[in-house]
Structure formats: structure tokens, C-alpha cells
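Inspection log for the structure reproduced underneath, given as C-alpha cells.
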Amino acid sequence: MTHLWVRAEQRPNEERVGITPEGAAALVKAGIRVTVEKSSVRAIRLGGYEAAGCEIAAENAWPGAPRDAIIFGLKELPEDGTPLLHRHIMFGHAYKGQPAGRELLKRFKAGGGVLYDLEYLVGEDGRRVAAFGYWAGYAGAAISLKCWAAQARGGLAGPLRKAASQEALLAELGEEFRGLERPRAIIIGALGRVGTGAADLCEAMGVAVTKWDMAETASGGPFPEVLQHEIFLNCILARPGCPVFVPASAKSDPRKLTVIGDIACDPTSDFSPIKVYDRATDWDAPALRVAENPPLDVMAIDNLPSLMPVESSKDYAAQLLASMLTLTALDRGVWGRAKLEFDRHVAGV
């Protein structure tokens, strides 16, 4: 019997989960055994999973799960160097030259496990079957606007907290923008899911948006227009051939740009289109100041949808469920394609 083991997230400020109780019930009905770990932080309560017929395990017990269990989580595992024996479904961030990703692949190679990277679950058309994109864009734009408002008042954005709801987030932003003239934003990748979420947040806040996508960036750059907006929101994933949107010289170039929201957030990738910073920011310190006179702050948090964990979890889980129901055929379809991608990359470590 196929056995799915839903682990607790161990990363700070991560309350999302990739399957809801309703989805778990569908898996159980389909003959898949489901174990769900207890979690001190998960946004969706455990009782729903128990009622769905799931077995319950202790928090962070997955290393001792049966060898044939498929371990399902969202964000990174603890970087403790231990060999990984199981098959894992998660966002690995391991295929774009990231140093930590190479170490992760070494752990899989040492233990004989397999990574089914959620970013690489794609249909026959090459499109991802599920993504947190909309909520990443929405939350990333919200935090970028928070950074701009704090900067406009002479400060640097302070620690973040989870929003109780979408409405509560908008109300909070409204208070932070009280008395301030609205900035202008440019979004690159505006036609995708991430860009759509970013644009919706900006428009809800009365921020004028310039929307760019593939047609506007096809020349390969440079793109001086980016520097003529107060806020730039990058919604393009770093991939080979991605043009540079913000060169290192932007720190000293004449510009109106004072906040970059790198929603795609891949600063250690060789293909990052933003060259003014080299590390992610976090919930405690969401803005990284990289230049002065005028200031330039970068927001680059890599678990943005966690700002609204319930909404984003339910949306993502609904998109993913059809693929989860095919876990009994890991050698075919989306899972087979993800395994080929893993095999290709692990061979190089």
C-alpha cells in the first residue's frame, strides 16, 4: 500500500501544509495510507486529519518512518548532513546552482533517497501542476509596500507577523500608508500567477502599476525603466537565459527606485536577475538596505505565502490533489518527470 507521511514543518514562520483534511480523506478513500505528524505551528488543525482517517505521528518523527513511506513537506529539511533514505516531496531549491541545494543532493545520494521537487511537478505541456504563486505575489507585494512605507517615514521595515486574513492585511497596510503619497510600481512577470497576485495587492492599495512580461523584456536589456519606478516587483523565476533587470550599478546610478521586492527570491542562483544583493531576508528583518542617498531596500523572503497560511494552503492543496491521487504510479506522469529531473541533477554531485 502506498504510504504518504505528512511531516511537520521545521522552519521558523512556516505554518503552511500541502494537503487539507478534505484532500487527505480523498487519498484514504483511494486506498492510500496517510500519516500526519502533530505540529505545534500548522495553520490547519490536526483534528480534521484524524476525522479523515489519517494515522497520527509525533512531531518531526519522519526520520524513523517506514523506509517505503513517501515523506511530504513544503520547505527545507534541517541542514544536519544526515543521509536521506526516503522518497521526499518538497521544494528542494536544489537545481539552480544553489550551494545548499548541492549539499541536499549529496544527502540524497548518500542515503539512496529520491527528491520529487514540487517546483518540477509539471504536466505534459511543461506547466507546473500546482504553485503558491498567486499568494506569493500578493504577500510579496504587501511586504514590499510595508518596506516602502517604513522607508518613507525614515526607517527600515520591522518584524512581520502573520495576517489574520486578507482583509486584515489590507487594513494594516492602509494604516501604514496613512498620509503618504502612493508610490509607483513596476512588475516583471505580470501575466503569471505571481505577477497577478502582486498586481491585485497593489491595485487594492491604490498603487499605480506598470505591467511587464515576456514581450517587454525580450530585448534582453538593459532596462532603465525599472529604475524610474519607486518599487520593482520581480515575479520571474531565475532560469538560464534570464536577463538582468537590476544590475550592480543600480546602487549608484541615478534612480527613483528605492524598494525591490524580489518575490521570486533566488539570490544565490547563478541566474538571479537582480545583482544588488546576495542573501535572502526574513520575517524578523524583511528589508536589506543595499544603498543610501537615496536608500535602496531589498525584500527577499522565500516563504512569502506563509503571511496568509490558511488561504495559501487551501489553494495550493486543491491544485495539487489530482497529482497526489496518482502517488500509486510514481514511475509515470508528473512523478515520473520529477524523478527524471532528480536523476539528472543528482548525477552531477
| said: Using only atom types and a distance under 3.5 Å, with no angle test, would you say the side chain of Arg16 pairs donor to acceptor with the backbone of Leu74? | reply: no
| request: Rounded to the nearest 0.5 Å, what's the gap from CD on Glu341 to CG on Leu115? Could you check? | output: 10.0 Å
| message | Check Glu22 with Lys314, please: is the shortest side-chain N to carboxylate O separation under 4.0 Å? | response | no
| remark: Only residue of His229, Glu230, Gln151 satisfying side chain to side chain donor-acceptor pair (under 3.5 Å) with Thr258 is Gln151
| field | Basic-acidic side-chain contact under 4.0 Å: Lys96, Asp266 | value | yes
| request: Please check if Leu321 and Val122 belong to a single hydrophobic cluster, counting links between Ile, Leu, Val, Met, Phe, Trp and Tyr side chain heavy atoms closer than 4.5 Å. | output: no
| request: Side-chain contact test, heavy atoms from C-beta onward, threshold under 4.5 Å: evaluate it for Leu320 versus Leu121 and give yes or no. | output: yes
| request: May I ask you to decide whether Glu14 forms a salt bridge with Arg42, counting only side-chain N to carboxylate O separations under 4.0 Å? | output: no
| said: Does the plane of the ring in Phe91 sit parallel, tilted or perpendicular to the ring in His93? Use 30° and 60° as the thresholds. | reply: parallel
| field | Residues clustered with Tyr277, ILVMFWY side-chain links under 4.5 angstrom | value | Ile186, Ile188, Trp212, Phe223, Val226, Leu227, Phe232, Ile236, Phe245, Val246, Leu257, Ile260, Ile274, Val276, Leu288, Val290, Leu296, Val298
| request: With rounding to the nearest 0.5 Å, note down the distance linking CG in Asn303 to CD in Glu76. | output: 8.0 Å
| With a 4.0 Å cut-off, would you call Arg178 and Glu176 a salt bridge? | no
| Does the separation of the ring centres of Tyr120 and Phe342 fall below 6.0 angstrom? | no
| request: Applying side chain to side chain contact (heavy atoms under 4.5 Å, CB included), name anything that partners Ala100, two or more places apart in sequence or on another chain. | output: Glu79
| task | Answer with yes or no whether the hydrophobic clustering places Leu201 together with Trp283; edges join I, L, V, M, F, W, Y residues whose side-chain heavy atoms lie under 4.5 Å apart. | result | yes
| request: Please determine if Asp302 and Arg11 form a salt bridge, counting it only when a charged side-chain N lies under 4.0 Å from a carboxylate O. | output: yes
| Hey, quick one: are Met205 and Leu304 part of the same hydrophobic cluster, counting side-chain heavy atoms closer than 4.5 Å, chains of contacts allowed? | yes
| message | If you define the side chain from C-beta out and look only at heavy atoms, does anything of Leu340 sit under 4.5 Å from Arg344? | response | no
| task | Determine whether Arg33 and Glu55 make a side-chain contact, defined as any pair of heavy atoms from C-beta on separated by less than 4.5 Å. | result | yes
| Check: Ala61 main-chain N/O paired with Glu37 side-chain donor or acceptor under 3.5 Å | yes
| Does the separation of the ring centres of Trp148 and Phe177 fall below 6.0 angstrom? | yes
| query | Between the side chains of Tyr138 and Gln166, is a donor N or O closer than 3.5 angstrom to an acceptor N or O? | reply | yes
| query | Name the one of Trp5, Phe72, Trp62 that satisfies ring pair (Phe, Tyr, Trp, His ring centres under 6.0 Å) with His88? | reply | Trp62
| said: Same cluster or not: Phe132 versus Leu191, using hydrophobic residues (I, L, V, M, F, W, Y) connected whenever any side-chain heavy atoms lie under 4.5 Å apart? | reply: no
| query | Is Arg107 close to Thr82 at the side-chain level, that is, under 4.5 Å between some pair of heavy atoms? | reply | yes
